[in-house]
Amino acid sequence: MKAFSKFFEWFLLLFCTGTVLFFLGIIVWDLVTKGAPALSWEFITDTPKQAMTAGGIWPAIMGTVFLTLLTAVFCIPFGICCAIYLNEYANDGWLTRIIRASIRNLSGVPSIIYGLFGLALFVQGLRFGTSMLSAGLTLGLLSLPYIITTTEEALRRIPNSMREAALGIGSTQFESIRDVVLPSALPGILTGVVLTLSRAAGETAPILFTGVAFYITGHSGNINQEFMALPYHLYMLSTQHQAIEQVRPLAYGTALVLIIVVFLLSLTAFYIRHKYTKNER
């Protein structure tokens, strides 16, 4: 009976995994077959032309890169510090439990709500205007709950014996966290950070109201100006362009580039985790 139960569990696991991979393969194959013909060096490095019916997506790529970096600057330091405080310093009282529950609830808020909040707070309230700064702050707020949660989980996996050993040889609590806990939790922290940023790079709704533009011929890197981004560029080409059939190959090419960017970020997360785990062993 126990062998049958174990066999059923493995069968169910493999069946569910195979089903997900099957449909994922169909989607990726469709994107590759329809988007690969549009890929070229000119498509990657050129600017949009003729109302985005020709040219390339270089401003959208650069806008996505700069926006992701800006999001990282805003959310990573604050998120990691919050997680360290909650896990290492805060007492396990009712207030701490409410804060943790609130953080987890914020992780489930639809991204469009963050976009409206960013519009009200950063664009109108703080008068940053529709700019990359407003969009980066909005994406930073969206990413913050994930950074805090993943960092706290990584810190929680470190045995208390390591903390006690550091304290036993005369280290302060801050020194034990800095020299013992954080280096041991670094693989999990970095994995969560990179996966969160890869998710943020593919978001459309939070930047829809805060700074992304339909058509810009170049990207100056000024955070106080509007910008182009791959997710919004794909959305416009696929649903809002007046010549949808004409730009459909460009839309598939943009989707393929976005998938590659997200895949590379995810692959980086797995590589970092594998490298640090191997070094620890």
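FYI, side chains are in, hydrogens and waters are out, and symmetry mates aren't considered; it's all heavy atoms of this structure. Numbers here simply count residues along the sequence, with the first being 1.
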* **Residue from Leu39, Ile259, Leu234 passing side chain to side chain contact (heavy atoms under 4.5 Å, CB included) with Thr254** => Leu234

* Backbone of Gln173 reached by a side-chain donor or acceptor of Ser176 within 3.5 Å -> yes

* Structure fact -> Taking every heavy atom of Tyr114 against every heavy atom of Pro145, the minimum-distance pair comes out as OH-CG, 4.0 Å

* Asked: Are the side chains of Tyr235 and Pro231 in touch, meaning some heavy atoms are under 4.5 Å apart?
  -> no

* To do: Flag yes if Phe43 and Leu264 sit in one hydrophobic cluster, no otherwise; membership is Ile, Leu, Val, Met, Phe, Trp, Tyr, and two members link when side-chain heavy atoms are under 4.5 Å apart.
  => yes

* To do: Looking only at non-hydrogen atoms, find the nearest pair between Leu144 and Cys75 and report the distance.
  => CD1-O, 3.5 Å

* To do: Indicate if Phe263 and Ile27 have the same hydrophobic cluster label, given that clusters are the connected sets of ILVMFWY residues with side-chain heavy-atom separations under 4.5 angstrom.
  => no

* Around atom CG of Asn91, are there more than 12 heavy atoms of other residues, nucleotides or ligands at under 6.0 Å? -> no

* **Those residues that, when tested against Glu42, pass side-chain contact (heavy atoms from CB on, under 4.5 Å) (two or more places apart)** => Ser40

* To do: Return the orientation label for the Phe122 and Phe128 ring planes: parallel under 30°, perpendicular over 60°, tilted otherwise.
  => parallel

* Sequence neighbours left out, what passes side chain to side chain donor-acceptor pair (under 3.5 Å) with Ser111? Give chain and number order. => Glu203

* Asked: What heavy-atom pair brings Ile158 and Ala185 nearest, and what distance separates the two atoms?
  -> CD1-N, 3.8 Å

